Amino acid sequence: MDGQQLREALRDEMANVSSPPPLDTQTMLGSARRARTRRRTVRACVGSAAAVVAVAFFGTFAVPGAGGWSPAMIGAPSSEDDTASPWPTGPDGLPQEDRTARAGTRYDRGAELLDQLRAVVPASYTVPESPEAPSHQAQYEQTVDGLDVWSYSSSVTLAKGEWTGRLMVEVHTAGNQLPTEPCALARQFWGMQGTCELVTVSAAQVGVVVSPGDDDRFDQWAAYRHPDGVVVFVAQSTDRDGTLQSRMPFSVPQLASLATNKRFHFQ
């Protein structure tokens with residue numbers, strides 16, 4: 001305590017007693033500390049009340065958009081965990097708890113996609129088990145004009161001698177808002193960039209990223225939009241181990257052909 005606080009505390013005590021307080025240092029300091037605590041409590045209550053008023057005012061008049069805050073944004077979960085509309089109905093007839101289907105028809109479609117992916121693995125490659133693969137997932141994306149848009153993804157690990165790599169397919173159902181131009185579509189895959197080539201498969205135009213940019217989670221991937229709007233991505237990656245890097249399960253034309261394959265045309 002500084003001198004001013006001690007003097008104020010002594011005056012408070014002297015004003016409340018009929019006789020002079022005892023000249024005891026510990027008693028005086030105890031009284032002064034109690035007085036200081038009372039003053040701090042009053043100040044804290046006043047500050048809290050002002051903060052509540054400020055939050056109420058801000059929540060009422062904040063303007064959504066235009067760089068401002070919306071009242072609903074205060075304390076709300078991130079957009080990845082939240083949705084403006086109810087989650088799709090799960091197999092138990094209740095809304096899902098999040099975007100991922102863990103049972104029911106959509107889940108089964110994801111598992112079917114994994115089976116289809118295994119079926120296209122070249123005979124000279126094996127599919128070893130790993131903590132990351134094989135894997136499959138079905139995920140609700142959004143509702144567009146009353147139509148639920150889903151994505152399905154499946155991934156397997158590949159091995160051939162000392163070489164190991166990965167093969168993945170991702171399908172977005174009709175109604176998705178992905179680009180229509182093949183190379184723009186290819187560069188939309190996981191937000192990765194790279195050198196893209198247009199490859200013709202029969203009458204279909206497929207965008208194939210033949211070499212990635214800085215983000216090299218995959219070495220090559222193909223993207224194709226079916227006439228009905230279904231989008232298919234097929235991606236492959238290899239080890240980064242010297243000469244093993246040059247080995248790929250599929251050539252660029254083969255990868256493009258896989259993206260157009262009807263076995264991956266899921267709804």
Side-chain angles (χ1 to χ4, degrees), residues 88 99-101 103-127 133-158 160 165-190 192 194 196-210 218-238 248-267:
R99 293 185 183 277
T100 303
T105 303
R106 298 291 184 177
Y107 175 89
D108 294 340
R109 292 291 276 167
E112 182 184 349
L113 183 63
L114 177 57
D115 291 338
Q116 296 295 341
L117 182 61
R118 284 178 178 271
V120 302
V121 173
S124 58
Y125 290 81
T126 60
V127 183
S135 65
H136 64 83
Q137 184 177 26
Q139 178 172 291
Y140 166 75
E141 296 293 338
Q142 60 183 324
T143 299
V144 179
D145 297 331
L147 179 67
D148 288 347
V149 179
W150 284 76
S151 65
Y152 305 104
S153 60
S154 293
S155 175
V156 294
T157 298
L158 300 181
K160 183 178 181 181
R166 185 181 177 200
L167 182 64
M168 180 180 184
V169 62
E170 184 174 288
V171 181
H172 296 257
T173 62
N176 65 77
Q177 303 298 293
L178 293 168
T180 55
E181 196 279 321
C183 278
L185 179 62
R187 294 190 180 101
Q188 192 71 21
F189 179 61
W190 291 17
M192 295 187 292
C196 182
E197 296 181 357
L198 279 177
V199 178
T200 302
V201 180
S202 298
Q205 290 288 301
V206 182
V208 182
V209 172
V210 295
F218 287 94
D219 292 308
Q220 293 180 338
W221 60 92
Y224 176 62
R225 177 182 287 277
H226 287 269
D228 64 356
V230 172
V231 167
V232 178
F233 297 103
V234 181
Q236 61 182 358
S237 63
T238 70
M248 288 285 191
F250 299 98
S251 65
V252 169
Q254 289 172 331
L255 199 64
S257 181
L258 278 179
T260 67
N261 196 309
K262 291 183 179 179
R263 68 171 66 243
F264 299 138
H265 184 237
F266 276 37
Q267 280 287 10

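FYI, the numbering just counts along the sequence from 1. Treat the numbers as computed from the prediction; the structure is a model and nothing was measured.
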(request) Working to the nearest 0.5 Å, report the span between CD of Gln137 and OH of Tyr107. (result) 10.5 Å
(message) How close do Pro249 and Pro122 get, counting heavy atoms only, and between which atoms?
(response) O-CG, 4.0 Å
(message) Ignoring hydrogens and geometry beyond distance, is a side-chain donor-acceptor pair present between Ser155 and Arg166 at under 3.5 Å?
(response) yes
(request) Would you give the length of the straight line joining atom OG1 of Thr157 to atom OH of Tyr125, rounded to the nearest 0.5 angstrom? (result) 13.5 Å
(request) May I ask you to decide if Gly229's main-chain N or O and Asn176's side chain share a donor-acceptor pair within less than 3.5 Å? (result) yes
(message) Checking His136 against Asp115: is there a side-chain donor and acceptor pair closer than 3.5 Å?
(response) no
(request) Under the side chain to side chain contact (heavy atoms under 4.5 Å, CB included) rule, what do Val144 and Gln177 come out as? Steps first, then yes or no, please. (result) CA-CA 9 Å; Val144 179; Gln177 303 298 293; 3.6 Å; yes
(request) May I ask you to test the Leu167-Val234 pair for a side-chain heavy-atom distance under 4.5 Å? (result) yes
(request) Please answer whether the main-chain N or O of Gln139 pairs with a side-chain N or O of Arg106 as donor and acceptor at a distance below 3.5 Å. (result) no
(message) Could you report the tightest heavy-atom contact between Ala256 and Val208, atom names first, then the distance?
(response) CB-CG2, 3.9 Å
(message) Is the shortest side-chain heavy-atom distance between Trp150 and Arg109 below 4.5 Å?
(response) no
(message) Is the shortest side-chain heavy-atom distance between Leu114 and Val156 below 4.5 Å?
(response) yes
(message) Using every non-hydrogen atom in the two residues, find where Leu185 and Arg225 come nearest and quote the distance to one decimal.
(response) CD2-N, 3.9 Å
(request) Evaluate the side-chain proximity of His265 to Asp228: yes if any heavy-atom separation is below 4.5 Å, no if none is. (result) yes
(request) Measure across Tyr152 and Gly110 and return the closest heavy-atom pair with its distance rounded to 0.1 Å. (result) CD2-N, 3.9 Å
(message) Working to the nearest 0.5 angstrom, can you tell me the gap between Gln142 CD and Asp148 CG?
(response) 10.0 Å
(request) Please identify each residue that fulfils side chain to side chain donor-acceptor pair (under 3.5 Å) with Ser257, with sequence neighbours left out. (result) none
(message) Would you compute the distance between atom CE of Met248 and atom CG of Asp219 and round it to the nearest 0.5 angstrom?
(response) 4.0 Å
(message) Show the nearest heavy-atom pair for residues Leu255 and Ala222, with the distance to one decimal.
(response) O-CB, 3.7 Å
(request) With the side chain counted from C-beta on, respond yes when Leu158 and Lys160 share a heavy-atom pair under 4.5 Å apart, and no when they do not. (result) no
(request) For Arg118, check side chain to side chain donor-acceptor pair (under 3.5 Å) against everything at least two apart and list the hits. (result) none
(request) Please examine the side chains of Tyr224 and Val201, heavy atoms only from C-beta on, and report whether any two atoms are closer than 4.5 Å. (result) no
(message) Is it the case that the ring center of Trp190 lies less than 6.0 angstrom away from the ring center of Phe233?
(response) no
(request) Please examine the side chains of Leu178 and His172, heavy atoms only from C-beta on, and report whether any two atoms are closer than 4.5 Å. (result) yes
(request) Enter the distance from Trp221:CH2 to Arg187:CZ here, rounded to the nearest 0.5 Å. (result) 9.5 Å
(request) State, to 0.1 Å, how close Pro182 and Leu198 come at their nearest heavy-atom pair, and which atoms those are. (result) CB-CD2, 3.4 Å
(request) Can you measure from NE2 (His226) to CD (Gln267) and round to the nearest 0.5 angstrom? (result) 9.5 Å
(message) Looking at Phe250, is its backbone amide N or carbonyl O close enough to the side chain of Gln236 to form a donor-acceptor pair, meaning the two atoms are under 3.5 Å apart?
(response) yes
(request) Answer whether the closest heavy-atom distance between the side chains of Leu113 and Phe264 falls below 4.5 Å. (result) yes
